[in-house]
Number of protein chains: 4
Amino acid sequence: MPKVSDTHLAGRRDQILSTAATCFAAQGFHATSMADVVRASGLSAGSVYRYFASKDDLIGAIIDRYLEGLVGRFAQAHATSSSPADTVIDALRLLTQGLQDTPFQPFTQLMPQFWSEARRNETIRQRGEIAFRLLLGQFADIVKRAQAQGTVQTNLEPSGVAQIMLALVQGFFLQSILLGQDAALEVYADTVRRLLSPSSG
Amino acid sequence: MPKVSDTHLAGRRDQILSTAATCFAAQGFHATSMADVVRASGLSAGSVYRYFASKDDLIGAIIDRYLEGLVGRFAQAHATSSSPADTVIDALRLLTQGLQDTPFQPFTQLMPQFWSEARRNETIRQRGEIAFRLLLGQFADIVKRAQAQGTVQTNLEPSGVAQIMLALVQGFFLQSILLGQDAALEVYADTVRRLLSPSSG
Amino acid sequence: MPKVSDTHLAGRRDQILSTAATCFAAQGFHATSMADVVRASGLSAGSVYRYFASKDDLIGAIIDRYLEGLVGRFAQAHATSSSPADTVIDALRLLTQGLQDTPFQPFTQLMPQFWSEARRNETIRQRGEIAFRLLLGQFADIVKRAQAQGTVQTNLEPSGVAQIMLALVQGFFLQSILLGQDAALEVYADTVRRLLSPSSG
Amino acid sequence: MPKVSDTHLAGRRDQILSTAATCFAAQGFHATSMADVVRASGLSAGSVYRYFASKDDLIGAIIDRYLEGLVGRFAQAHATSSSPADTVIDALRLLTQGLQDTPFQPFTQLMPQFWSEARRNETIRQRGEIAFRLLLGQFADIVKRAQAQGTVQTNLEPSGVAQIMLALVQGFFLQSILLGQDAALEVYADTVRRLLSPSSG
DNA sequence: CATGAATGAGAGTTCATTCAT
DNA sequence: GATGAATGAACTCTCATTCAT
């Protein structure tokens, strides 16, 4: 039997991961059956189980990829963001608009499900913790740079501001789930800028 | 058993609601079977279904109670909060400490699951929207009062600040799920106060 | 406690029987729950079970009443029917039109269900057998009278003709269930008359 | 197990259909649980549901097969029946004796249940209507042929006679359910012949 | 006597997973 | 390597029946 290249195998894995993410995003982890994933992937049940040991394994892999992507995207954004306020607003833009028509898009919609799973699945929680701490570290660095430049008060704890920056992103995302995000972004972004960069307001 | 007082019936309903909330909080809506709920309630399957037409109905009732309680608790807090910063910090204290050993406690842990369900269940989403808008309205009122008193800049849009206040609560709650809430509250609260009430810092 | 009159008790029993028959006719024995019967009767579950030991008991009582009524109605018809053909046609008219707006009406629609049950429930089968033999006896008498009057050939076995008369009634009833009974009755009745009373055609 | 021949799959389906028909014939549609069918089929619950989407689907398939078989058998009989009387009598023989030890046998006993279901299930009713009209058409053709040959009076409406022929078959079948069919067939058949083919009596 | 809350076995159905081919 | 038929435990929900009040 012909040995298939590792690239080919990795491609198969990716294919399953992406189609599964789309399924999970549309219907949720629990309402999506493995049969749905199998059908969407175009493979057979046996094949899917060759690449992922179980449904939980597949969910874990998807969450990993989601977190990697998330941190990666934000890191790009930070390189061009000079201030905490811009960093937050860039992140909001990324989440609400920037991911349209991107292979990464389905993963975004999984966020609330991820938070839900994290409370019950310690492995998932740990992966999330690592990603969060990474983001918080990046945010704190940005705060420190801004403090050095004099655009942020020095009596603010960088780690505290980092937490708040993250909260501002997460909170807006949650609200847009429940309220619809109609234009609210503009007011929100403006207020964020006035609060975090009062001098520039 | 024959006809029984309405109080007794309402008590039974409450009993089921509370034990079910505990189950759902511990394991999630989907990983909790009705058999689990039945066992925890101490009643029979038939009895549980006498009070709730379906698992979804039970979940809906729990979310309703959770939202009612949430808004109610926050409303109490607002009565005694003079500033936006205090309002946010009171809410954080309420969520992280104030509900310990309260019949309301299990409901708090359901929050992420609620957000998760809201994306796929329009009825739940609508209920959440109503509660959110109520909270946002209360927050905006507090901002206006503070602006009238001169403790908050008047060039800030009250609705924008209200959104940010809500985000600060939600974001902290999410982070505490993933990071543990070790002491972080103090730094977070302090930073919130410095940002929202700069004059008092 | 006041002893309730036997008449009153019998009235209650009748009331349950009638409302239950309506339920069963509309939905079938199996799709009708005892809760449906209880609701329709306006009584409580306990009360219904005071009058009927079980659902099967209730079904049995309904079938009994149905068979009594059936035989009674047909007996009336026979008194005025001079010929086998008229007897059959009178019975058809009775089944298809004569029972409209009669308290007996719901029972008619139970016929196929009765046949269905008879194959599996020996008690019901026996009751049905008694009623059938009674009808067959009456039909045979009519044949004999007609033979004595010279309107039916004497080389026909009266019991055989009786079976055929019954079959003609039952068969038409079945066909009207499946085909709708649109006008078919007239052609059918006419052909029955020509076959059973050839001289009068 | 992997891909398997279509014949094998069809065989499985047949196997389930036959064993289910036996169960349903013995106990009725409603008193037979899917667990009974599963046990009798020798397969697992999941397998049965791979071939039939629901219990109703299974019942529908059984009724379809029953009606197909019925019409098919009767069609064979008509080819060799020269007169309406012979056609009816052949059908009676087929129903009472000819199906013993035939794979088709269990289906026959389902007839009353089919009539029962037809009143409440429009899909089933329609299928039955098609089969009935087919049979009636074949019967009417036989009557016309007999009229052309002069063995049946020409003043009889062929469709009316066809209905009566069908009724004679159905009625005898019903009576044999309730009365037992001991010897009655001979008298019945004889009387049918004398009435439908008076010249040959 | 009447009530109706409570019961719990069992109904139909699903679905993550396996393994013979 | 890939397949997909087969599995069977577990799911949500129903309903005939009982009995404390």
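Remember, predicted model here, so these are calculated numbers, not experimental data. First the proteins, then the strands, lettered A, B, ... as listed; each starts at 1.
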Q. Is there a salt bridge (Lys or Arg N to Asp or Glu O under 4.0 Å) between Asp6(B) and Arg13(B) once you walk through the steps?
A. CA-CA 11 Å; Asp6(B) 284 1; Arg13(B) 222 187 110 96; over 6 Å; no
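- Here the OH atom belonging to Tyr51(C) is positioned 13.5 Å from the CG atom belonging to Leu58(C), to the nearest 0.5 angstrom.
- Rounded to an integer number of Å, the gap from CG of Leu43(B) to P of dT14(F) is 17 Å.
- Nucleotide dT14(E) holds its C1' atom 10 Å from the OH atom of Tyr49(D), rounded to whole Å.
- Nearest to the side chain of Ser47(D), among dA5(E), dA6(F), dT17(F), sits dA6(F).
- Distances from the side chain of Lys55(C) to the nucleotides dG4(F), dA6(E), dA16(F) place dA16(F) closest.
- dT12(F) is paired with dA11(E) under the criterion used here, namely a Watson-Crick or G-U wobble arrangement in which both key atom distances are under 3.5 Å.
- The distance from atom CZ of Arg39(A) to atom C1' of dG4(F) is 13 Å, rounded to the nearest whole Å.
- Rounded to a whole Å, the CG atom of Asp56(D) is 14 Å from the C1' atom of dA11(E).
- Taking for each of Gly42(D) and Thr32(C) the nucleotide of DNA chain F with the nearest heavy atom, the 5'-most of the two is the partner of Gly42(D).
- Rounding to whole angstrom units, NE2 of residue His8(B) and P of dG4(E) are separated by 15 Å.
- Considering only side-chain atoms of Arg12(C), the nucleotide from dA2(E), dA11(E), dA9(F) that sits closest is dA2(E).
- Here the side chain of Ala45(B) is nearest to one of dG4(E), dA9(E), dG4(F), namely dA9(E).
- Atom CZ in Phe52(A) sits about 13 Å away from atom P in dT17(E), given to the nearest Å.
- No donor-acceptor contact under 3.5 angstrom links the side chains of Arg120(B) and Gln27(A), judged on distance only.
- Ring geometry, His30(C) versus His30(D): the interplanar angle falls under 30°, so the pair is classed parallel (tilted spans 30 to 60°).
- Within 4.0 Å of Ser5(D), counting heavy atoms only, lies no atom of the nucleic acid at all.
- For Ser54(C), the side-chain atoms get nearest to dT17(F) when compared with the rest of dC15(F), dT17(F), dT13(E).
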Q: Under the side chain to side chain donor-acceptor pair (under 3.5 Å) rule, what do Gln126(C) and Glu122(C) come out as? Steps first, then yes or no, please.
A: CA-CA 6 Å; Gln126(C) 282 174 8; Glu122(C) 179 56 15; 3.1 Å; yes
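- A heavy-atom distance below 4.5 Å is found between the side chains of Phe107(B) and Ile62(B).
- With DNA chain E read from its 5' end, the first of the two nearest nucleotides for Phe29(D) and Gly46(C) is the one closest to Gly46(C).
- Of the candidate nucleotides dG1(F), dT17(F), dT3(E), dT3(E) has the atom nearest to the side chain of Ser44(C).
- Put simply, NE2 on His30(B) is 12 Å from P on dC15(E), counting in whole angstrom units.
- Taking a pair to require two hydrogen-bonding distances under 3.5 Å in either a Watson-Crick or a G-U wobble arrangement, dA5(F) pairs with dT18(E).
- Between Leu58(C) atom CG and dC15(F) atom C1' there is a gap of 15 Å when expressed in whole angstrom units.
- Nearest-nucleotide positions on DNA chain E for Ala35(D) and Arg50(B) put Arg50(B) closer to the 5' end.
- Of the candidate nucleotides dT18(F), dG12(E), dA2(E), dG12(E) has the atom nearest to the side chain of Ser33(D).
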